[in-house]
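One structure is given below, encoded as structure tokens.
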Amino acid sequence: MFLIIVFCQLSIAHCTLPIDCFLSLSPMSSTVRVRFAPSPTGGLHLGGVRTVLYNYLFAKQHGGDFIVRIEDTDQNRYAAGAEEYIFDCLKWAGLEPDESPYHGGEFGPYRQSERKAIYRRYAEQLVNDGHAYYAFDSTEDLEKMRLDHKTEQNPAPQYDNSIRMKMRNSLTLDADEVKILLDAGTNHVIRIRIPEHETLSFTDMIRGEVSFDTAVVDDKVLLKADGMPTYHLAVVVDDYLMKISHAFRGEEWLPSAPVHILLWKYLFGLENMPQWAHFPLILGPNGKLSKRDGAKYRFPVFAMNWTDPKTGELTEGFKEKGFLPGAFINLLALLGWNDGTDQEIFTKEELIEKFSIEKVHSGGAKFDYEKAKWFNHEYIKMTDPEALLEIYKDLLPSYFNNKDDAYKTAVFSLVKDRCHDITDLAEQSSFFFNTPETWDLSAVMPKWNEEKKNFFVDWANKLMELVGWDAQILEQSFKELATEKNIKPGELQLPLRIMLVGGKFGPPVFSIADLLGTKETIARINNALPIF
RNA sequence: GGCCCGUUCGUCUAAGGGUUAGGACACCACCCUUUCACGGUGGUGAUACGAGUUCGAAUCUCGUACGGGCUACCA
């Protein structure tokens with residue numbers, strides 16, 4: 001309750017005072033602590049980054065701390081390098097935590113695998129208090145149970161109050177027998193004992209009051225046979241121990257909320273439970289967005305490229321696709337949230353100022369790659385060519401490196417307004433680095449004749465003696481010669497473009513010639529002329 | 001099947017009882033441009049359905065339909 005009151009006061013204070021002023025005035029602001037708790041099993045998904053973002057924005061807005069806790073309790077799903085990868089992604093996106101395995105903090109360790117003993121203690125406490133029990137059922141026992149109880153009405157039988165008394169556990173076995181099994185080190189798990197008929201509810205910051213009947217909740221495993229906790233136990237214990245004030249996670253967790261509410265009630269008291277918000281899912285064309293959708297519909301789903309260490313399979317990332325971090329964050333922020341105005345482009349600082357959980361949507365949002373590219377386009381347009389070079393030089397094809405930085409920067413300033421991603425960038429800039437080898441002849445041939453050919457022969461000669469070299473001078477000389485030869489300059493521009501570029505695209509043709517330089521421009525004309 | 005969450009243009013969304021239901025992406029047309037874009041102007045296009053409450057409902061209530069999530073010793 002205390003935390004809730006403090007938070008309300010902060011919200012009010014924030015409405016009337018500028019952030020920095022409010023921060024300096026209120027030492028209580030450190031009470032906001034949020035966390036992102038990924039499991040290092042593979043690439044970092046769009047939805048994951050959005051969860052990070054909303055956590056981060058909320059924390060920063062309230063002068064609080066953003067914690068990253070690694071939920072590596074499943075050894076079977078462990079993926080080598082995934083943990084470092086996650087932090088690389090956060091760094092790229094500019095969403096770095098205040099506390100994590102790599103960022104220090106008073107509440108470590110921040111890796112659940114390193115907290116194993118802690119969970120066992122709480123699990124035992126629950127058993128002692130009668131809220132949990134030991135279960136000795138083998139995988140085969142469980143399979144058999146599910147098979148035996150499976151009906152059309154109940155296609156997925158659960159280990160719940162209706163069947164727990166038919167299984168091998170410390171509820172059905174004698175105390176002595178249990179002790180013998182335990183002492184012998186028999187494989188066992190600890191399950192929560194869900195009360196039979198209780199209504200559990202909580203107030204979600206986005207959805208309002210949500211309630212559940214425990215009659216349909218099963219006796220979830222809390223501690224696995226290998227001694228590791230499941231998510232359910234670990235999240236409650238760690239959120240308490242790490243003093244998390246607000247717990248945000250994806251909507252897929254909503255159904256397990258009753259288990260967590262019970263755990264809070266039994267272990268730490270409901271009054272200490274963080275405020276919860278369940279974010280809407282990010283949907284693909286068919287339900288929850290998956291990396292499969294990315295592969296199928298050809299758009300990135302992960303923040304950065306991820307190579308599966310077992311299969312070697314590469315899944316594309318937004319970074320490598322040419323997305324700027326600011327654009328990525330911006331588009332993610334707007335996927336499920338807006339500030340109530342028509343504004344769509346926000347800096348990170350603006351997002352920190354304007355974000356609010358209450359304005360996050362409750363319905364899932366279908367990811368639209370076209371809109372995502374539009375955001376990136378907007379950011380590319382407003383980024384300096386020098387900065388673009390810094391960002392893109394490692395991503396662009398190797399041919400790109402055969403020129404100096406000044407040249408590359410000039411290329412960017414010429415082409416950036418027409419680029420949405422790295423593909424555009426490569427396409428729009430490749431002819432600045434490589435002489436065309438094929439030409440779009442269909443664009444020239446219908447109106448091509450000897451006079452025009454002669455024009456280019458003569459113009460190429462004129463270019464060698466030209467005084468000064470810029471787009472304007474080139475255009476002037478071009479038009480003068482055309483007039484002299486009684487040819488409409490407009491009819492010659494497209495052929496020139498095809499000679500220099502190879503196709504019907506790119507920046508203004510004289511700007512291209514300007515950047516290409518005397519030698520290259522003449523070479524390209526002479527190169528193409530025999531073909532035309 | 002059960003439980004939970006959701007439903008405004010194709011997509012992301014605004015409108016918190018009274019608006020010609022607004023914006024953006026995409027699409028189309030025109031302008032600019034003797035390339036392709038950028039940019040500008042305009043256009044097509046939505047409150048899932050049915051009851052109820054109300055003078056008045058996209059908005060509140062209920063039902064139906066549809067969509068999604070969960071239903072592991074995964075998170």
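These numbers come from a predicted model, not from an experiment. Both backbone and side-chain heavy atoms feed into the values below; hydrogens, waters and symmetry mates do not. Quick note on labels: first sequence line is chain A, next is B, and so on, each numbered from 1.
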Just checking [X]: base, sugar-phosphate only, or nothing, at a heavy-atom cut-off of under 4.0 Å?
X        : result
A:Gly250 : nothing
A:Ser256 : nothing
A:Arg249 : nothing
A:Asp339 : nothing

Counterpart residues, salt bridge (charged side-chain N to carboxylate O under 4.0 Å, His left out), relative to A:Arg418 (two or more places apart): none
Residues that A:Arg249 engages under salt bridge (charged side-chain N to carboxylate O under 4.0 Å, His left out), provided they are two or more places apart: none
Within less than 4.0 Å of OP1 or OP2 of [N], is there a side-chain N or O belonging to [X]?
X        : N     : value
A:Arg191 : B:C73 : yes
A:Thr341 : B:G23 : no
A:His361 : B:A14 : yes
A:Asn154 : B:G2  : no

I'd like the [atom1] distance from [M] over to [N], given in whole Å.
N     : M     : atom1 : answer
B:G22 : B:G43 : P     : 11 Å
B:A75 : B:G56 : C1'   : 49 Å
B:U61 : B:U54 : P     : 16 Å
B:C70 : B:A37 : C1'   : 47 Å
B:G50 : B:G45 : C1'   : 25 Å
B:U47 : B:G10 : P     : 8 Å
B:U8  : B:A14 : P     : 10 Å
B:U34 : B:A24 : C1'   : 33 Å

Mind checking what makes ring-ring contact (aromatic ring centres under 6.0 Å, His included) contact with [X], not counting sequence neighbours?
X        : result
A:Phe505 : A:Phe431
A:Phe346 : A:Trp337
A:Trp374 : none

Lys NZ or Arg CZ of A:Arg164 over A:Tyr159 ring: under 6.0 Å, within 45°: no
Non-hydrogen side-chain atoms of A:Arg191 and A:Ser170 separated by less than 4.5 Å: no
Shorter than 3.5 Å, N or O on both sides, protein versus nucleotides 63-68 of chain B: list them out with atom names.
none

Donor/acceptor link under 3.5 angstrom from A:Lys371 side chain onto base of B:A26: no
Lys/Arg-Asp/Glu bridge criterion (N-O < 4.0 Å) met for A:Arg77, A:Asp74: yes
Residues A:Asp368, A:Lys366: salt bridge by 4.0 Å N-O rule: no
Assigned glycosidic conformation for B:C38 [threshold 90° from 0]: syn
Atom-to-atom span, CZ of A:Phe279 to P of B:G6 - whole angstrom: 15 Å
Flag, side chain of A:Lys452 to backbone of A:Lys447, donor-acceptor distance under 3.5 Å: yes
Check: A:Thr347 side chain, A:Glu350 main-chain N or O, donor-acceptor pair, under 3.5 Å: yes
Counterpart residues, side chain to side chain contact (heavy atoms under 4.5 Å, CB included), relative to A:Ser442 (two or more places apart): A:Asp440
Set of side chain to side chain contact (heavy atoms under 4.5 Å, CB included) partners for A:Ser290, sequence neighbours left out: A:Arg292, A:Asp293
Residues A:Trp276, A:Phe248; criterion ring-ring contact (aromatic ring centres under 6.0 Å, His included); working and verdict: CA-CA 6 Å; A:Trp276 284 354; A:Phe248 307 143; over 10 Å; no
Using the side-chain heavy atoms of [X], tell me which of these nucleotides is nearest: [options].
X        : options             : result
A:Lys366 : B:C73, B:C12, B:C5  : B:C12
A:Arg146 : B:A26, B:C73, B:A75 : B:C73
A:Asp342 : B:G1, B:G22, B:C74  : B:G22

For B:G42, the Watson-Crick or wobble partner whose two distances fall under 3.5 Å: B:C28
Under 3.5 Å on both distances, the Watson-Crick or G-U partner of B:G63: B:C49
Strand-adjacent residues in residues 206-235 of chain A, judged by heavy atoms under 4.0 Å from RNA chain B: A:Arg207, A:Val210, A:Ser211, A:Phe212, A:Val216, A:Val221, A:Lys224, A:Ala225, A:Pro229, A:Thr230, A:Tyr231
Close residues, residues 39-46 of chain A, relative to RNA chain B [heavy-atom separation under 4.0 Å]: A:Ser39
Contact state string [nucleotides 29-45 of chain B, B base, S sugar-phosphate only, - no protein heavy atom under 4.0 Å]: -----BBBBSS------
Residue mapping more 5' on RNA chain B - nearest nucleotide basis, A:Asn187 or A:Glu152: A:Glu152
Closest-nucleotide ordering on RNA chain B, the 5'-leading residue of A:Ala365 and A:Glu71: A:Ala365
Listed partners of A:Lys265 passing side-chain hydrogen bond (donor to acceptor under 3.5 Å, both in side chains), at least two apart: A:Glu198
Parallel, tilted or perpendicular: rings of A:Phe455 and A:Trp459 (30°, 60°): parallel
